[in-house]
Amino acid sequence: MQNRQKLLNLLGLARRAGKLVTGEELVLNAIRSGKASLVFFASDGGESSKKKFTDKTNSYKIAFSTTFTRQELGDATGLARTVIAVADQGFAKKMREYLDN
């Protein structure tokens, strides 16, 4: 539980720092252009969208997480989004540490 909260706090921090990309098209563009370091997809998001992002992140070898619900992602970032990309190596590295523990 501790790491989940730290991760959500970090997402909020990344949002305030302008290091998040949100919305399906923008996230897909960030993945294609190599800007995305980590992609969060809401665990309660649609299956077809989830498959699209799973395939895309796999082919570009980008970390992908369905750890949080849409509500949790929204509460952390202040944005009602199903998919969020972290466009910063530092933030992404720290978030992956929390995800792995």
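As a basis for the values below, the full set of heavy atoms in this structure was taken, side chains included, without hydrogen atoms, waters or symmetry mates. For the single chain, residues carry numbers from 1 onward in sequence order.
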(message) Nearest 0.5 Å, please: how far is CG in Leu10 from CD in Gln5?
(response) 11.5 Å

(request) Return the minimal non-hydrogen interatomic distance between Glu24 and Ser49, and the atom names on each side. (result) OE2-OG, 2.9 Å

(request) Consider only side-chain heavy atoms of I, L, V, M, F, W and Y, link residues closer than 4.5 Å, and tell whether Val83 and Val21 are in one cluster. (result) yes

(request) State, yes or no, whether a side-chain contact exists between Leu7 and Leu11 at a heavy-atom distance under 4.5 Å. (result) no

(message) With a 4.5 Å cut-off on side-chain heavy atoms, are Leu28 and Lys52 touching?
(response) yes

(message) According to a hydrophobic-cluster definition based on side-chain heavy atoms being under 4.5 Å apart (Ile, Leu, Val, Met, Phe, Trp, Tyr only), do Phe41 and Tyr60 belong together?
(response) yes

(request) Inspect the surroundings of CD in Glu97 and state if more than 12 heavy atoms from other residues, nucleotides or ligands are less than 6.0 Å away. (result) yes

(request) Examine the side chains of Asn29 and Glu25 and answer whether a donor and an acceptor come within less than 3.5 Å of each other. (result) no

(request) Return the set of residues passing side chain to side chain contact (heavy atoms under 4.5 Å, CB included) with Ala17 (not counting sequence neighbours), or none when no residue passes. (result) Lys19, Phe91

(request) Could you pull out the closest heavy-atom pair between Phe64 and Lys50, with the gap in Å? (result) CZ-O, 4.3 Å

(message) Working to the nearest 0.5 angstrom, can you tell me the gap between Met95 CE and Asn3 CG?
(response) 12.5 Å

(message) Are Leu20 and Ile62 connected into the same hydrophobic cluster when the rule is that any two of I, L, V, M, F, W, Y join if their side-chain heavy atoms are below 4.5 Å apart?
(response) no

(request) Kindly indicate whether the side chain of Leu8, heavy atoms from C-beta on, has any atom under 4.5 Å from the side chain of Glu72. (result) yes

(message) Exactly one of Val86, Ile84, Asp88 should register a side chain to side chain contact (heavy atoms under 4.5 Å, CB included) with Leu38. Which one does?
(response) Val86

(request) Look up atom CZ in Arg15 and atom CG in Leu79, then write down how far apart they are to the nearest 0.5 Å. (result) 4.0 Å

(request) Measure across Ser37 and Arg96 and return the closest heavy-atom pair with its distance rounded to 0.1 Å. (result) O-NH1, 3.1 Å

(message) Does any part of the side chain of Phe53, heavy atoms only, come nearer than 4.5 Å to the side chain of Ile31, both counted from C-beta?
(response) yes

(message) If hydrophobic clusters are built from ILVMFWY residues whose side chains come within less than 4.5 Å, do Leu13 and Tyr98 share one?
(response) yes

(request) Output the distance between atom CG (Asp55) and atom OG1 (Thr57), rounded to the nearest 0.5 Å. (result) 8.0 Å

(request) Report yes if the side chains of Thr77 and Thr22 come closer than 4.5 Å at any heavy-atom pair, otherwise no. (result) no

(message) Could you check whether any side-chain heavy atom of Lys51 comes within less than 4.5 Å of a side-chain heavy atom of Thr54, counting everything from C-beta outward?
(response) no

(request) Answer yes or no: is there a side-chain heavy-atom contact under 4.5 Å between Lys56 and Arg32? (result) yes

(message) Could you check whether atom NZ of Lys35 has more than 12 heavy atoms from other residues, nucleotides or ligands sitting under 6.0 Å from it?
(response) no

(request) Can you sort out the partners of Asp44 under side chain to side chain contact (heavy atoms under 4.5 Å, CB included), two or more places apart, ordered by chain and number? (result) Ala42, Thr69, Arg70

